[in-house]
Amino acid sequence: MSELGEFLRSRRGRVGPGEVGLPAGNGRRQTPGLRREELAAVAGVSVDYYIRLEQGRDSHPSAGVLDALAGALRLDDDEREHLHRLAGGRRGPARPAPEVARAGLRQLLDTVRPAPGFVLTPGSDILAENPEGLALLDGLADWPRGRRNIVRYIFRHPGARTVVVSWRRMAQDCVAHLRTVPPEQTAALVEELVAVSSDFADLWAHYDVRIKSGTQRAFQHPAVGRLELNSEVLTVADGQRLVIFQAVPGSPSADALALLSLAGRP
């Protein structure tokens, strides 16, 4: 099955007949969600054509067909964009993942201190960080530069489940974002994590698609205690992402960041 077919099938399984105005029908359903013929009817395409799409025998549907399927499947904006990308629609050829952090982003890492900050590739390889960022993810500094990746840290570092308070939510967000990155940039990481982490393998198979944006994160640091931080994510043209974690001014977390800054000094 193609990746387009895999995505369509995963989303079809999450939409019930009642959500699209169809009766549940008689008899027990062998699988959850809409049947192929039901989705085809709601989207206004032939059953045979939809089956070809899901089986990977037709991978270039028109934008109109994709939008009809997106509407029938109740896709959000990130999922709709992902559907078009899989079908070769709204995005051009994927460019190689950046290997060096932009000079301007490196400068910003110093400017925002003591807020922890990272420069990431689309696939979450860490191209640069400030001392507070390295200190925030306890144990990350023990890894060589080439292995430092936020998703790898979440699933492979033994301390991650202690450091990240809502580990499950962070793990879900990481995997959902990884699904939005061109597969050629993430294939090696995905293969590695599927092999060693059943949690990653389950989340990858679930096929959530969501571009990572700013949110609230809580960390439990062994040296400075609990930090309640707000993350902001800025993406530049080549796909590099600047991720900054900020505390509310005057809060206990702001005081903890000041201590983290001391802990993060070379």
- Give a yes/no verdict on a cation-pi contact between Arg161 and Trp167, requiring under 6.0 Å between NZ or CZ and the six-membered ring centre and an angle within 45° of the axis.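 Because its charged atom sits under 6.0 Å from the ring centre and within 45° of the axis, Arg161 does stack over Trp167.
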I'd like to know if [X] and [Y] make a salt bridge, using a cut-off of under 4.0 Å between side-chain N and carboxylate O.
X      : Y      : answer
Asp173 : Arg217 : yes
Arg80  : Asp67  : yes
Glu38  : Arg12  : no

- Keeping to residues at least two apart or across chains, list the salt bridge (Lys or Arg N to Asp or Glu O under 4.0 Å) pairs with something in residues 41-50.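 The answer is none; no pair qualifies.
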What I'd like to find out is whether the side chain of [X] reaches to under 4.5 Å of the side chain of [Y], using heavy atoms alone.
X      : Y      : value
Ile126 : Asn149 : no
Ile244 : Leu234 : no
Leu8   : Leu73  : yes
Asn230 : Phe245 : no
Asp208 : Leu203 : no
Ile150 : Leu120 : yes

- Plane angle bin for Tyr207 and Phe7 - parallel if under 30°, tilted between 30 and 60°, otherwise perpendicular: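 Phe7 vs Tyr207 ring planes: tilted.
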- Task: Test Glu129 against every option in Arg145, Arg106, Arg113 by the salt bridge (Lys or Arg N to Asp or Glu O under 4.0 Å) rule and name the one that passes.
- Result: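 Single pass found, and it is Arg145.
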- Message: Using the salt bridge (charged side-chain N to carboxylate O under 4.0 Å, His left out) criterion, which residues pair with Arg179? Sequence neighbours excluded.
- Response: Glu3, Glu6
- Does the side-chain hydrogen bond (donor to acceptor under 3.5 Å, both in side chains) test come out yes or no for Ser261 and Glu132, once each step is laid out? CA-CA 5 Å; Ser261 183; Glu132 292 81 5; 2.7 Å; yes
- Item | From Gln172 atom CD to Ile154 atom CD1, the distance as rounded to the nearest 0.5 Å |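 Here the rounded value is 12.0 Å.
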- Query: Quick one: CZ on Arg9 to CZ on Arg36, what's the gap to the nearest 0.5 Å?
  - Reply: 6.5 Å
- Given the rule in the side chain to side chain contact (heavy atoms under 4.5 Å, CB included) test, do Phe118 and Leu140 qualify, once you have shown the distances and angles that lead to the verdict? CA-CA 12 Å; Phe118 302 89; Leu140 180 65; 4.2 Å; yes
- Message: Other residues, nucleotides and ligands only: do more than 12 of their heavy atoms fall within 6.0 Å of CG on Asp110?
- Response: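 More than 12 within 6.0 Å, yes.
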- Passes side-chain hydrogen bond (donor to acceptor under 3.5 Å, both in side chains), Arg85 versus Thr180? Steps please. CA-CA 9 Å; Arg85 182 179 68 78; Thr180 71; over 6 Å; no
- Does the pair Thr121 and Gln240 meet the rule for a side chain to side chain contact (heavy atoms under 4.5 Å, CB included), with working shown? CA-CA 5 Å; Thr121 66; Gln240 292 189 35; 6.0 Å; no
- Taking atom types as modelled, find out whether Ser253 and Arg226 have a side-chain donor-acceptor pair closer than 3.5 angstrom.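 No, Arg226 and Ser253 have no side-chain donor paired with an acceptor closer than 3.5 Å.
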- What pair of heavy atoms forms the shortest contact from Ala68 to Ala43, and how long is it?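 For Ala68 versus Ala43, the nearest heavy atoms are CB-O, 3.4 Å.
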- Message: Between Arg74 and Glu79, is the salt bridge (Lys or Arg N to Asp or Glu O under 4.0 Å) condition met? List the steps.
- Response: CA-CA 9 Å; Arg74 301 297 191 260; Glu79 293 168 331; over 6 Å; no
- Only pairs at least two apart or in different chains count here, so list each ring pair (Phe, Tyr, Trp, His ring centres under 6.0 Å) that has a residue in residues 173-201. Phe155-Phe200, Phe200-Trp204
